[in-house]
Peer 1: 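Quick one: structure below, then a few questions.
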2 protein chains.
Amino acid sequence: MRKITIKDVARNAGVSIAAVSYVLNGKENKVSQDTIARIHESIKDLNYIPNMTARGLVKNTSELIGVIIPQTEDHKQLVFENPFYSEMISAIEGVVRDYGYHIILAGVDKGKTYLDISTSRNLDGAIIMGIYSEQLYEECKLANIPIVLIDSYVHDNDFAKVGIDDELGGYLATKHLIDNGHRNIGLVTGMIRKDGVVEKRFLGYKRALQEAGLFYNSDYVFENSVSYVHGRNSGSLIASKFPEITAIFATADMVAFGVIRGIKESGKEVPGDVSVIGFDDISMANIFLPPLTTVKQQISLKGETAAKLLIEQIRNKRGVKNQGDRTEIPLEVVERETVRKLTK
Amino acid sequence: MRKITIKDVARNAGVSIAAVSYVLNGKENKVSQDTIARIHESIKDLNYIPNMTARGLVKNTSELIGVIIPQTEDHKQLVFENPFYSEMISAIEGVVRDYGYHIILAGVDKGKTYLDISTSRNLDGAIIMGIYSEQLYEECKLANIPIVLIDSYVHDNDFAKVGIDDELGGYLATKHLIDNGHRNIGLVTGMIRKDGVVEKRFLGYKRALQEAGLFYNSDYVFENSVSYVHGRNSGSLIASKFPEITAIFATADMVAFGVIRGIKESGKEVPGDVSVIGFDDISMANIFLPPLTTVKQQISLKGETAAKLLIEQIRNKRGVKNQGDRTEIPLEVVERETVRKLTK
DNA sequence: TTGTAGGCGTTATCAC
DNA sequence: GTGATAACGCCTACAA
């Protein structure tokens, strides 16, 4: 069963190839009403579907958008265990589809894989989630396509960025704890890297402490991977060795889940003995028991925004150059059941 | 900055275009060692990256694999909130990448979108997750590319299928409850559709009941969407109106989470008052508190298997036609803390 | 308004 | 061994 091409519809409609191409591309003013009708009919008859590959070759576009995702180090699997990413991708796919694009999902290995996929697939644009090496950013520039970075603080005007005010988020979380009467507040977090979201949250944590006249104690920060197990380890460590800590700010919900587990395993209660606040508000946060108090970032909105920004850039290719702005999605703490008000 | 092509490489190396193409495609026996070396050097020099689009046009392949995902009805968002899918996609992406393919992620709207994407993008193959209408399957056949269905029981030898023995899973879950002394066992589940996974699990539930000489009571099955909220509603309903029910089989972990929440909200305990067993063993199952007893399907393995099967089919295009086999991933119940042994 | 023809980057067939 | 050159399916001047 041969694939049917523009030629077939041309023949079937008794017109030229060019005519078909015209109506396919909306240049209908170049074609008579009669021809248009005949062509449309043929298209329907033959069930013709344009070949994007061929089109892409000549128009030098692909209607394809790359979504690049962090790689877990060990597994060479996408970091999908964290539902955070799935929610965002889902959102991205939604808007992108509305505009007629499709998504290519790809992890990036070591080496220059990114540039590879970008140019070999002729991507129209890309969304990059999470933080990467400088090298990746350099590659991206070479690729020379619109790119929007999610959650990156890289100082570079070549990329549009969407994210949140992580410093504020850290501040909000910590302040919420302070407002509830807590004074010795632990921080359980992933690696604090320069210009990473985690660092900002950490900074917010310190600011809230300082503003409240509280002493920042570096013994109270438990820094490791942003993972459930790290949370769990830290939780039990805190519960057993740091009885003075009455509240914990975990810089990701997944970590918070671990913290709570660890605490409970050490025979203490949340929020009875120690309060916990998370970060992200992934959908599990409200499903977990007890429901997690956390600072909510609107994950879907973030994805949508990134997608829209990207498409805008793609469409305005010739237009104004992107300014490197960072558009920020609002934040709010949502109170559920893991933070207790300290009376006394 | 013009994109550099095979032509540039040829010129730079002082050889013909054909020669370059040869070494690019491993037909090195047709080219002298010297030429090969010069070409490789030029490639590196110029940082040449082949254009898959052009290649695809002539070879009529794309090295692209479609991953089609169910659509939630309301939101037009991928059904990604269920981490189940993310885990699988992650697995798929991993193996597919190893073989040099990329993944196009797409939800399918109403209408014939699937065929569209498949032929317009010239997909080399596709993986379809979940259950769809007959119409979709018909479309797929028209597309005429290798397709593997995940979790489908469609009677059709044109597709390879990978899944699990859902009937057995349902049986195992229910039997586990029975073995722990429970006699009045509720079933909380998504819609029971003919040939759907849920129906099979339902059948397994009934078989276990029957085998144990237990009465099947249709009042005890709570059928609605496979969602957290449905679980929650059913949980509280059961806890308040069906005190005789001491155990519940929820046909998905997400539902089980809801059930547990509902039960607790009605002032009862899990597993103290009522036991709950889930299905899937998504990663949250072990993170949830209490850790969920559930029947584990190896989600990643399922994705990997599907991907490998598909690639095999793609590679053997000329070879044996797929037999429509359904390869099944083993199942096991993993005991955690939501099922209590009834002594009485 | 319509059709012809060149070209997008590659591959592959044939001569040389 | 090597190199023209005709496809692949489509778009778009340009000419008719």
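Just so you know, these numbers come straight off a predicted model, no measurement behind them. Hydrogens, waters and symmetry mates are skipped; everything else that's a heavy atom, side chains included, is used. A note on names: the letters A, B, ... follow the listed sequences, proteins ahead of strands, and every chain is numbered from 1.
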Peer 1: Please identify each residue that fulfils ring-ring contact (aromatic ring centres under 6.0 Å, His included) with B/Tyr137, with sequence neighbours left out.
Peer 2: B/Phe159
Peer 1: Enumerate the residues from residues 21-37 of chain A whose closest heavy atom to DNA chain D is under 4.0 Å, giving them by residue number; use none for an empty result.
Peer 2: A/Ser21, A/Tyr22, A/Asn25, A/Lys27
Peer 1: Out of B/Val67, B/Asp151, B/Val148, which residue meets the side chain to side chain contact (heavy atoms under 4.5 Å, CB included) rule with B/Met129?
Peer 2: B/Val67
Peer 1: Taking only residues two or more places apart in sequence or in another chain, which ones pass side chain to side chain contact (heavy atoms under 4.5 Å, CB included) with A/Ile299?
Peer 2: A/Phe84, A/Glu87, A/Met88, A/Ile282, A/Gln297
Peer 1: Both B/Lys59 and B/Ala18 contact DNA chain D. Which one's nearest nucleotide lies toward the 5' end?
Peer 2: B/Ala18
Peer 1: What is the first contacted nucleotide of DNA chain C and what is the last, in 5' to 3' order, if contact means an atom lying under 4.0 angstrom from a heavy atom of chain A?
Peer 2: C/dT1 to C/dG9
Peer 1: In terms of the nearest nucleotide of DNA chain D, which residue is placed more toward the 5' end: A/Ala19 or A/Leu57?
Peer 2: A/Leu57
Peer 1: Check for a donor-acceptor pair, side chain of B/Ser21 on one end and backbone N or O of B/Ile17 on the other, with a separation under 3.5 Å.
Peer 2: no
Peer 1: Hey, does the side chain of B/Asp124 reach the backbone of B/Glu63 with a donor-acceptor pair shorter than 3.5 angstrom?
Peer 2: yes
Peer 1: With sequence neighbours excluded, tell me which residues meet side chain to side chain contact (heavy atoms under 4.5 Å, CB included) with B/Ser118.
Peer 2: B/Tyr114, B/Leu123, B/Ala143, B/Ile145
Peer 1: Applying salt bridge (charged side-chain N to carboxylate O under 4.0 Å, His left out), can you list everything that pairs with A/Asp156, at least two apart in sequence or on another chain?
Peer 2: A/Lys141
Peer 1: Across the strands shown, which category fits A/Ile17 at heavy-atom distances under 4.0 angstrom: base, sugar-phosphate, nothing?
Peer 2: nothing
Peer 1: Name all residues meeting the side-chain hydrogen bond (donor to acceptor under 3.5 Å, both in side chains) criterion together with B/Lys27; count only those two or more places apart in sequence or in a different chain, and write none if there are none.
Peer 2: none
Peer 1: Checking B/Asp34 now: which residues fulfil side-chain hydrogen bond (donor to acceptor under 3.5 Å, both in side chains) with it, not counting sequence neighbours?
Peer 2: B/Arg38
Peer 1: Once you build an axis from the first five pairs and another from the last five of the helix from C/dT1-D/dA16 to C/dC16-D/dG1, how far apart in angle are they, to 10 degrees?
Peer 2: 50°
Peer 1: On DNA chain D, reading 5' to 3', which nucleotide is the first and which the last to sit with an atom under 4.0 Å from a heavy atom of chain B, could you check?
Peer 2: D/dG1 to D/dG9
Peer 1: Under 4.0 Å between any heavy atoms, over every strand shown, what does A/Val20 touch: base, sugar-phosphate, or nothing? Just pick one.
Peer 2: nothing
Peer 1: Is it the case that the side chains of B/Asn122 and B/Asn60 hold a donor-acceptor pair, with the cut-off being a distance below 3.5 Å and no angle test?
Peer 2: yes
Peer 1: Ignoring hydrogens and geometry beyond distance, is a side-chain donor-acceptor pair present between B/Arg121 and A/His102 at under 3.5 Å?
Peer 2: yes
Peer 1: Partners of B/Val95 by side chain to side chain contact (heavy atoms under 4.5 Å, CB included), sequence neighbours excluded?
Peer 2: B/Tyr99, B/Glu304, B/Ala307, B/Lys308, B/Ile311
Peer 1: Taking only residues two or more places apart in sequence or in another chain, which ones pass side chain to side chain contact (heavy atoms under 4.5 Å, CB included) with B/Leu309?
Peer 2: B/Ala160, B/Val162, B/Thr327
